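Inspection log for the structure reproduced underneath, given as structure tokens.
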Amino acid sequence: MFLEFMLSIGFLEEDVIQIMNTYPLNQTLDSTLLFNTKNLYHYLQRNSFSNKEFISIIKIIPQIIIMSIENIKLKILDLGDLGFRKLEAFQMIKNDPYILEYSNIKIKNRMKKLFEIGFDSISIHDIILTDTKILSYDINKVSKRFLYLEEYGYKKENISYILATCPELIHRTISSLENQLRRFQEMGFLKNDIIHITSDLPGVLLWNEEMVETQFNDFLEYGFMEKEIIQIIRKIPILLKENYFQTVLDKLKNLEKIGFSRIDTISMVNQNPYLLLYSTLSISSKVEEIRNISFSKDDVLHLLRENPLLFGYDIHTIEDRLSFLVSFFSKEEIVKRPQLLRYNVTLLQNRFQLLKDYHSFQDREDLFLMDSSFYQKYPNLRRD
Amino acid sequence: MDVLIRYGFSIEEIQNMMDTNILIHTISDKDIAKLLELLNQEGCSRNEIKNITITNPFYFNQSDESIIHLFSTLRKIGFHSLKYLIDMNPYLLNLKSEDILSIYQEMKKKGVQDKEILDYIQYQYLV
């Protein structure tokens, strides 16, 4: 009966026999085994365990069959006292069924040790949730990796985040971590860059050489130079995310489709790497929005090419700035000098007012002087 | 995102910001409000704040402490009003205080005067 039930939910016969031969199940009546297993199965099913997950747990820790549901519920409550919600507790059981056998004191002690190593409490919670088996790892292994990263230059809070996000790193040898970090340095990244990039994207530390080179090669094939790629990735580490380049490529192609040459596209991205994160829709929309303020398409392309910051600007800001600028410049002049659109309108208005009040306003270029030059020419004017 | 709606951002603007900065949805309204307030304290108008954050939605990934530190460093090197500086280059807000200090110290070593360094930071397109 027990065997039939187990076969019906997906166990292999040899597994069931092995389970039945485990102590103390081998001392338990078949009817009791069946009753307990059905209860346990239905209880875990109600709490989102699939058949596959149920089978996995029973194979790892068959003794759970004779654990009462009440005891399991108490364990869930105990984990609640340690800060784990019910769903999280069930996830932890899926990750490592042995947690059902750990006392709260054991778990608390492990959490305390992780805290002593340098993990913050949020990371401790996250790492136990992601890699529950950390409750039974050799703590020295964890400590050595933490210390190694600290000596490399990472801050404790970054290491916490990195190891909580990628607990697989705990299983990497120190020399493989060293090699990975050295590989990045050989590519041209400075230590601080590596720390910044891997703090944002810890998974990169798990990459093999081929994966890193592939990401780089995708950019090189498009036409970026190595030095440029380093600068871009420094700003936007997420570009290293696996298969992200396809998304980037779509955006680069979209820019070409709008009318920018490849060289222009590369130049704009080098000036404003964040361009790679704007959606293709928002980029296309921005071009249309600026056209609607009565610029020709060629003018719009020129403005954006020379001042790629405009891609991100709110269109109302561009309109406000333009309304002020047309008092002093023709639209053709503004197109020739796209940097004029960077100036804050209030700054320009204040300067204009000051010059009108204290001097006869003569030269419109004075409005656009750098601060040091403006106050050198008009030393008596109060600073904006 | 309620705080952004209450602040006057349209759904489309918020969606664009979220498309550009995929981490925005993980940031609490409380933290977003703190960061908006920091810009407000610098004298930025609502429209200026909208432009700054629409252009650079990554601002919301920064902690308020690191922004306070950044502003303090900018003041230390000689900036009086930060609102024009930030509005002219919203991406400046993604730099750390150490980045600014590093630029300042490098240029000082080369003999560049303070006023010229401030001009460089304000008028060059630092990202």
Side-chain angles (χ1 to χ4, degrees), chain A residues 157 192 196 200 231-232 234-236 238 241 244 247 251 269-283 285-286 306-321 339 341-348 350-351 368-376 382-384, chain B residues 8-10 12-13 15-23 43-59 61 63 78-92 94-96 98-99 102 112-127:
Chain A
E157 55 264 32
N192 280 345
H196 168 62
D200 268 9
Q231 292 293 347
I232 293 167
R234 246 187 214 142
K235 287 291 151 193
I236 313 178
I238 198 175
K241 207 170 170 206
Y244 198 85
T247 310
K251 294 182 188 191
V269 169
N270 283 331
Q271 288 180 72
N272 180 9
Y274 293 104
L275 195 51
L276 293 175
L277 296 176
Y278 294 136
S279 68
T280 50
L281 181 61
S282 72
I283 288 177
S285 302
K286 189 53 44 75
E306 298 304 315
N307 185 4
L309 195 62
L310 289 175
F311 276 108
Y313 277 2
D314 175 29
I315 192 63
H316 301 112
T317 299
I318 299 176
E319 283 172 339
D320 287 345
R321 291 179 185 188
Q339 299 303 328
L341 284 164
R342 282 189 61 196
Y343 285 79
N344 177 281
V345 171
T346 316
L347 170 74
L348 296 174
N350 287 348
R351 282 187 176 181
F368 303 95
L369 290 171
M370 289 194 197
D371 281 10
S372 60
S373 309
F374 182 81
Y375 291 107
Q376 190 170 26
R382 184 172 54 85
R383 274 197 179 270
D384 300 327
Chain B
F9 289 84
S10 69
E12 199 191 334
E13 285 164 347
Q15 189 58 57
N16 280 340
M17 285 156 74
M18 286 172 79
D19 285 343
T20 307
N21 179 8
I22 57 174
L23 293 178
C44 294
S45 69
R46 198 160 271 228
N47 282 344
E48 283 164 347
I49 291 173
K50 276 185 75 180
N51 186 54
I52 288 164
T53 53
I54 285 170
T55 307
N56 179 21
F58 304 98
Y59 171 59
N61 295 358
S63 69
F79 283 101
H80 299 282
S81 167
L82 301 184
K83 71 172 217 163
Y84 300 131
L85 175 67
I86 300 164
D87 187 59
M88 284 176 68
N89 181 10
Y91 294 119
L92 206 69
N94 297 346
L95 298 181
K96 299 281 175 234
E98 304 86 75
D99 296 325
S102 172
V112 182
Q113 298 219 345
D114 276 7
K115 286 184 266 190
E116 287 163 347
I117 299 174
L118 298 190
D119 280 344
Y120 176 82
I121 292 172
Q122 179 152 355
Y123 293 93
Q124 282 303 310
Y125 186 23
L126 294 180
V127 176

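Sequence lines set the chain letters: A, B, ... in the order given, protein chains first and strands last, and positions in each chain run from 1. Quick caveat, the model's predicted, so the values are computed rather than measured. Basis for what follows: all heavy atoms, side chains included, without hydrogens, waters or symmetry-related copies.
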Name the region of [X], side chain, backbone, both or neither, that has any atom closer than 4.5 Å to a heavy atom of chain B.
{"X": "A/N192", "result": "neither"}
{"X": "A/R321", "result": "side chain"}
{"X": "A/L369", "result": "backbone"}
{"X": "A/Q271", "result": "both"}

Only pairs of heavy atoms separated by less than 4.5 Å count here; which of [options] has the most with chain A?
{"options": "B/Q113, B/E12, B/E48", "answer": "B/E48"}
{"options": "B/D114, B/N51, B/D19", "answer": "B/N51"}
{"options": "B/T20, B/D119, B/N94", "answer": "B/D119"}

Euclidean distance, [Y] [atom2] relative to [X] [atom1], rounded to 0.5 Å:
{"X": "A/L281", "Y": "B/N16", "atom1": "CG", "atom2": "CG", "answer": "7.0 Å"}
{"X": "A/D314", "Y": "B/I52", "atom1": "CG", "atom2": "CD1", "answer": "11.5 Å"}
{"X": "A/T317", "Y": "B/N47", "atom1": "OG1", "atom2": "CG", "answer": "6.5 Å"}
{"X": "A/D200", "Y": "B/N61", "atom1": "CG", "atom2": "CG", "answer": "8.5 Å"}
{"X": "B/Q15", "Y": "A/S282", "atom1": "CD", "atom2": "OG", "answer": "11.0 Å"}

Q: Find the one option among A/S279, A/P273, A/G312, A/S285 whose heavy-atom pairs under 4.5 Å with chain B are most numerous.
A: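 Heavy-atom pairs under 4.5 Å are most numerous for A/G312.
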Q.
Taking side-chain contact (heavy atoms from CB on, under 4.5 Å) as the criterion, tell me which of B/L85, B/D87, B/I86 meets it with A/N344.
A.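 It is B/D87, the one option of B/L85, B/D87, B/I86 that forms the side-chain contact (heavy atoms from CB on, under 4.5 Å) with A/N344.
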Q: Step by step, work out the side chain to side chain donor-acceptor pair (under 3.5 Å) result for A/D371 and B/Y84.
A: CA-CA 11 Å; A/D371 281 10; B/Y84 300 131; over 6 Å; no
Q.
Looking at every heavy atom in both A/R342 and B/Q124, which two are closest together, and how far apart are they?
A.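 Looks like NH2-O, 3.8 Å.
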Q) Which heavy-atom pair separates A/L309 from B/Y91 by the least distance, and what is that distance? A)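 Nearest heavy atoms, A/L309 then B/Y91: CD1-CE1, 3.1 Å.
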(Q) Which residues pass the ring pair (Phe, Tyr, Trp, His ring centres under 6.0 Å) test with A/Y343, not counting sequence neighbours? (A)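 Applying ring pair (Phe, Tyr, Trp, His ring centres under 6.0 Å) to A/Y343 gives A/F368, B/Y123.
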Q | Heavy-atom side-chain contact between B/I54 and A/Y313 under 4.5 Å | A |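 Result no, sub-4.5 Å side-chain heavy-atom pair not found.
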Q. Can you list the residues that meet the side chain to side chain donor-acceptor pair (under 3.5 Å) rule with A/E157, with sequence neighbours excluded?
A.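 Partners of A/E157 by the side chain to side chain donor-acceptor pair (under 3.5 Å) criterion come out as none, since no residue qualifies.
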Q. At a heavy-atom separation under 4.5 Å, does B/I22 approach chain A through its side chain, its backbone, both, or neither?
A.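 Contact with chain A involves the side chain of B/I22 alone.
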(Q) Check this for me: B/E98, atom CD, are more than 12 non-hydrogen atoms of other residues, nucleotides or ligands nearer than 6.0 Å? (A)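 Count over threshold, so yes.
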Q. For B/K83 and A/T346, what are the C-alpha separation, side-chain angles and deciding distance, and is it a side-chain contact (heavy atoms from CB on, under 4.5 Å)?
A. CA-CA 10 Å; B/K83 71 172 217 163; A/T346 316; 4.2 Å; yes
